Protein chains: 2
Amino acid sequence: MNDMTQAKYKKRAKIFKAMAHPSRLLIIDELSISGERCVCELTDMVRTDTSTVSCDLAQLRDAGLVIDERRGSMVYYRLGVSCILDFFECVEAAMISKTECKPRLLN
Amino acid sequence: MNDMTQAKYKKRAKIFKAMAHPSRLLIIDELSISGERCVCELTDMVRTDTSTVSCDLAQLRDAGLVIDERRGSMVYYRLGVSCILDFFECVEAAMISKTECKPRLLN
DNA sequence: GGCCTATTTGTAAGTTTAGCCAAATCTGCA
DNA sequence: TGCAGATTTGGCTAAACTTACAAATAGGCC
């Protein structure tokens with residue numbers, strides 16, 4: 001694995017690491033449904049400290065997954081990558097089919 | 001966020017956590033290209049300890065992303081979810097378009 | 001300017017993960 | 001059975017992540 005390849009995978013890993021947390025996945029889901037939300041709205045939803053949500057959003061932003069926009073005193077976030085939900089659906093479908101297949105193996 | 005929702009997001013997070021590492025992303029890429037590989041082949045590729053690769057593969061397996069099959073003394077791994085690569089391409093495309101858009105914002 | 005609200009950043013403690021080595025399993029073969 | 005190669009598991013230390021509190025920053029309003 002050369003340096004360029006290494007850098008490529010590190011960048012990808014950053015994206016996945018950003019998504020690898022229940023709270024941040026909830027945020028992604030919510031943004032995909034409602035279009036955009038401010039930090040305070042997301043804080044109510046995740047039920048944790050504002051600063052924690054802010055950090056989670058910063059992590060998603062650094063990974064390029066969400067876009068922030070300040071309007072007045074509030075900062076609104078929205079999804080930057082549209083394909084996230086398709087991927088969720090695909091993975092979930094694969095997991096369902098996997099669990100459905102398991103009993104067959106017992107025959 | 002109720003318990004059922006919490007469980008759903010924890011499960012999703014496990015999948016992303018499994019992918020959130022350069023070595024494991026390289027493994028996924030390699031399996032998507034070559035179809036299947038044994039642990040020793042992947043060890044040569046990742047350039048790390050066999051036990052580390054074995055742990056990485058176990059993590060991918062627990063997340064439902066790869067399938068293992070023992071043939072003789074060797075264990076072969078292959079992808080269990082087909083949509084991973086589509087997702088990579090989509091995310092990468094989004095990141096490229098994002099960086100291309102940035103100069104426009106400077107006008 | 002001064003105050004209030006919304007958000008971000010810094011810090012610190014607790015938890016989790018990565019990486020490597022050694023030991024244990026498992027398979028094929030003599 | 002006993003040996004050799006392939007893979008997995010357990011244990012350990014260093015690094016990274018999570019989380020909440022406190023402090024700092026930014027915008028709106030008087």
Side-chain angles (χ1 to χ4, degrees), chain A residues 1 6-7 9-28 30-31 34 36-78 80, chain B residues 1 6-7 9-28 30-31 34 36-78 80:
Chain A
M1 188 154 48
Q6 177 77 22
Y9 287 113
K10 272 192 181 173
K11 199 173 180 182
R12 276 191 187 177
K14 188 180 177 183
I15 295 171
F16 286 103
K17 209 171 285 181
M19 289 192 275
H21 193 283
S23 301
R24 294 195 289 271
L25 288 172
L26 171 64
I27 289 170
I28 290 171
E30 175 56 28
L31 294 181
S34 57
E36 66 172 20
R37 289 283 183 205
C38 67
V39 181
C40 54
E41 288 172 323
L42 292 171
T43 301
D44 289 343
M45 206 158 283
V46 180
R47 291 175 176 282
T48 180
D49 200 89
T50 308
S51 67
T52 304
V53 173
S54 180
C55 284
D56 284 334
L57 287 165
Q59 206 165 333
L60 291 171
R61 175 160 36 79
D62 287 348
L65 295 171
V66 301
I67 297 166
D68 63 330
E69 184 184 340
R70 169 154 240 147
R71 288 207 296 275
S73 61
M74 267 128 106
V75 179
Y76 289 89
Y77 283 85
R78 62 175 186 275
Chain B
M1 188 152 51
Q6 177 77 22
Y9 287 113
K10 272 193 179 172
K11 199 173 182 181
R12 278 190 184 176
K14 188 180 177 183
I15 296 171
F16 285 103
K17 212 170 283 182
M19 289 191 276
H21 193 282
S23 301
R24 294 195 289 270
L25 289 172
L26 171 64
I27 289 171
I28 290 172
E30 176 55 28
L31 293 181
S34 57
E36 63 171 23
R37 288 285 184 205
C38 67
V39 181
C40 55
E41 288 171 324
L42 292 171
T43 300
D44 290 343
M45 206 158 281
V46 180
R47 291 176 177 282
T48 180
D49 201 88
T50 308
S51 66
T52 304
V53 173
S54 180
C55 284
D56 283 336
L57 286 165
Q59 205 166 334
L60 290 172
R61 175 161 36 79
D62 288 348
L65 295 170
V66 301
I67 297 165
D68 63 331
E69 183 184 340
R70 169 154 241 146
R71 288 207 296 277
S73 60
M74 269 129 103
V75 178
Y76 290 88
Y77 283 85
R78 62 176 186 277

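Proteins come first, then strands; the chains are lettered A, B, ... in the order of their sequence lines, and each starts at number 1. Because the structure is predicted, anything quoted here is derived from the model rather than measured.
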So [Y] and [X], do their side chains get closer than 4.5 Å, heavy atoms only?
X       : Y       : result
B/Lys10 : B/Lys14 : no
A/Ile28 : A/Met19 : yes
B/Met74 : B/Val39 : no

Separation of atom [atom1] in [X] from atom [atom2] in [N], rounded to whole Å:
X       : N      : atom1 : atom2 : answer
A/Glu69 : C/dT7  : CD    : C1'   : 15 Å
A/Arg71 : D/dG28 : CZ    : P     : 12 Å
A/Lys10 : D/dA15 : NZ    : C1'   : 13 Å
A/Ile27 : D/dT18 : CD1   : P     : 12 Å
A/Leu60 : D/dT18 : CG    : P     : 11 Å
A/Phe16 : C/dA18 : CZ    : C1'   : 19 Å
B/Leu42 : D/dT8  : CG    : P     : 10 Å
B/Leu57 : D/dT9  : CG    : C1'   : 14 Å

*asked:* Reading DNA chain D from 5' onward, which residue's closest nucleotide shows up sooner: A/Gln59 or B/Thr52?
replied: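 It is B/Thr52 whose nearest nucleotide is closer to the 5' end.
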*Spell out, as yes or no, whether a donor-acceptor pair under 3.5 Å connects the side chain of B/Arg12 to the backbone of A/Ala20.*
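Judged by distance alone, no pair lies under 3.5 Å.
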*Is it true that a side-chain atom of A/Arg37 and a backbone atom of A/Tyr77 form a donor plus acceptor pair closer than 3.5 Å?*
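A pair under 3.5 Å: no.
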Can you tell me which nucleotide in [options] comes closest to the side chain of [X]?
X       : options               : result
B/Thr50 : C/dG19, D/dT7, C/dT7  : D/dT7
A/Val39 : D/dT7, C/dT8, C/dG19  : C/dT8
A/His21 : D/dT18, D/dT9, D/dA6  : D/dT18
B/Asp49 : C/dC21, C/dT27, C/dA6 : C/dC21

*asked:* Cation-pi check for A/Tyr76 against A/Arg71: NZ or CZ below 6.0 Å from the six-membered ring centre and within 45 degrees of the axis, yes or no?
replied: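 Yes, A/Arg71 sits over the ring of A/Tyr76.
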*Check every strand shown and say whether A/Glu41 touches a base, only sugar-phosphate, or nothing at a heavy-atom separation below 4.0 Å.*
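No contact.
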*asked:* So B/Cys55, base contact, sugar-phosphate only, or nothing? Heavy-atom distance under 4.0 Å.
replied: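 Base: the residue B/Cys55, judged by heavy atoms under 4.0 Å, touches a nucleobase.
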Does [N] have OP1 or OP2 sitting under 4.0 Å from an N or O in the side chain of [X]?
X       : N      : answer
B/Thr48 : C/dC20 : yes
A/Tyr77 : C/dT8  : yes
A/Ser73 : D/dG27 : no
A/Arg24 : D/dT18 : yes
A/Tyr76 : C/dT7  : no

_Taking atom types as they are modelled, would you say the side chain of B/Ser51 forms a donor-acceptor pair with the base of C/dC21 within the 3.5 Å cutoff?_
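Per atom types, the contact qualifies.
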